[in-house]
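What follows is a set of notes on a single structure, which appears directly below.
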Amino acid sequence: MSVLERFTLEGQTAIVTGGNRGIGKAIARGLADAGANVVIANRTLESGEEAAAEISEETGAEAIAVRTDVSEEADVSALVDATVEEFGGIDVLVNNAGIAIHGGAEEKPLEEWQETIDVNLTGTFLCSKYAGREMIEGGGGSIVNVTSMSAYIANYPQKHVDYQASKGGMEAFSRQLASEWAEHGVRVNNIAPGYVATEILVDDEELLNTWKSEMLQDELARPEDIAPLAVYLASDASSYVTGESIVIDGGYTVR
């Protein structure tokens, strides 16, 4: 098998949470380009269906959408059931769904803290739990968690104590899960992006310039810059890689 052939996902099925826009959509498109059937899971069915239709038209892959709140166990269970019913199994899970709410710790309501933890960390657990069962039964698979460089640094000037905690928790969760599920052939790895130009990025020129001033590459990443790494970690090209985290931040954390 050639090097490029090891990147193929032909005949495999991938779930991408938060796959209706931004990084998630770019990753879903990348997995479809590599041959995978793709399931878009997000809270708003209409936007998920639009993304699935676009990806299917552009790549020729099968793509569907399933309305899912990753913080709700019943939704996640239903997502996995729908995926198995449609495609027969699950080979790849990308835990990308996430939120960030600005605000200092001294003023942050408990409800905001809990919502961030529920979506970013508990959602990753629930999706891994249910999709992982199918992977174990099917003889293996790959879980790719989209964490953040924020797991390793303090964000500034924005205040994000709940976001940092959730992303740091995802990093530790991934290493432990990789250890527990290695015997089942399930690999677990992290992509930790820096600042990416997405629809949800703060529209504040001063803030953007502050971030750019810390980067070795004086520009924000595009969602399409993240997708190739997801394809690598999902595919057999990374068959000897598990429990690892790869930062894509334009050199932000170098300094």
Side-chain angles (χ1 to χ4, degrees), residues 1-42 45 47-66 68 79-80 82-84 86-98 127 131 134-135 138 140-147 186-194 196-200 219-242 244-250:
M1 180 180 292
S2 72
V3 168
L4 292 180
E5 287 174 333
R6 295 189 65 187
F7 285 86
T8 185
L9 297 171
E10 196 69 38
Q12 297 190 36
T13 296
I15 294 174
V16 182
T17 68
N20 59 314
R21 63 181 182 175
I23 294 173
K25 185 178 179 181
I27 288 175
R29 166 65 193 267
L31 297 175
D33 274 338
N37 306 311
V38 174
V39 179
I40 305 294
N42 66 287
L45 182 59
S47 64
E49 289 178 334
E50 290 174 357
E54 181 181 325
I55 289 168
S56 183
E57 182 178 353
E58 291 176 351
T59 67
E62 290 192 59
I64 65 169
V66 179
T68 309
L79 164 67
V80 169
T83 301
V84 173
E86 182 73 20
F87 296 115
I90 301 170
D91 304 285
V92 178
L93 168 66
V94 179
N95 284 309
N96 167 77
C127 292
E134 296 296 328
M135 292 179 183
S142 176
I143 296 175
V144 180
N145 296 321
V146 179
T147 63
V186 178
R187 297 183 297 108
V188 186
N189 292 289
N190 297 328
I191 298 174
V196 182
T198 67
E199 300 94 325
I200 62 173
E219 60 183 0
L220 274 62
R222 302 167 302 161
E224 293 76 18
D225 294 325
I226 312 301
L229 180 55
V231 172
Y232 167 70
L233 292 175
S235 72
D236 286 342
S238 62
S239 60
Y240 202 60
V241 180
T242 193
E244 297 298 330
S245 298
I246 303 174
V247 178
I248 303 181
D249 67 352

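Residues I40 and I55 have side chains in contact (heavy-atom distance under 4.5 Å, counting atoms from C-beta outward). You'll find the side chain of V231 reaches within 4.5 Å of the side chain of L31, heavy atoms only. Here the side chains of T17 and T68 are not in contact, with every heavy-atom distance at 4.5 Å or above.
The side-chain contact (heavy atoms from CB on, under 4.5 Å) with T83 is formed by just one residue from the set I64, L93, V39; it is V39. For the pairing with V144, the side-chain contact (heavy atoms from CB on, under 4.5 Å) check across V16, I191, N189 returns one residue only, I191. Here the rule is salt bridge (Lys or Arg N to Asp or Glu O under 4.0 Å) with E54, and of K25, R21, R29 only K25 fits it.
Distance alone, capped at 3.5 Å, places no donor-acceptor pair between the N37 side chain and the F87 backbone. With hydrogens and angles disregarded, a donor-acceptor distance shorter than 3.5 Å links the side chain of S238 to the backbone of S235. At distances below 3.5 Å, at least one donor-acceptor pair connects side-chain atoms of T242 with backbone N or O atoms of V188. The backbone N or O of T13 lies less than 3.5 Å from a partner atom in the side chain of D91, making a donor-acceptor pair.
For R6, the salt bridge (Lys or Arg N to Asp or Glu O under 4.0 Å) test picks out no residue, with sequence neighbours left out.
Closest approach of A36 to A14, counting heavy atoms only: CB-CB, 4.5 Å. What you find for V196 and P223 is that their closest heavy atoms are CG1-N, 3.6 Å. The two residues A65 and L45 make their nearest non-hydrogen contact at O-CD1, 4.0 Å. Summarising the geometry of A26 relative to A227, their closest heavy-atom pair is O-CB, 3.4 Å, with the distance given to 0.1 Å. The shortest heavy-atom contact between S47 and N42 is OG-ND2, 3.1 Å. For the residue pair A61 and A32, the shortest heavy atom distance occurs at CB-CB, 3.8 Å.
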Hey, mind stepping through I27 and V146 against side-chain contact (heavy atoms from CB on, under 4.5 Å) and telling me if it holds?
CA-CA 10 Å; I27 288 175; V146 179; 4.0 Å; yes
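Residue N190 holds its CG atom at 10.5 Å from CG of L229, rounded to the nearest 0.5 Å. Atom-to-atom distance recorded for T59:OG1 and D33:CG is 6.0 Å, nearest 0.5 angstrom.
Annotation: salt bridge (charged side-chain N to carboxylate O under 4.0 Å, His left out) contacts involving residues 226-236, sequence neighbours excluded, are absent.
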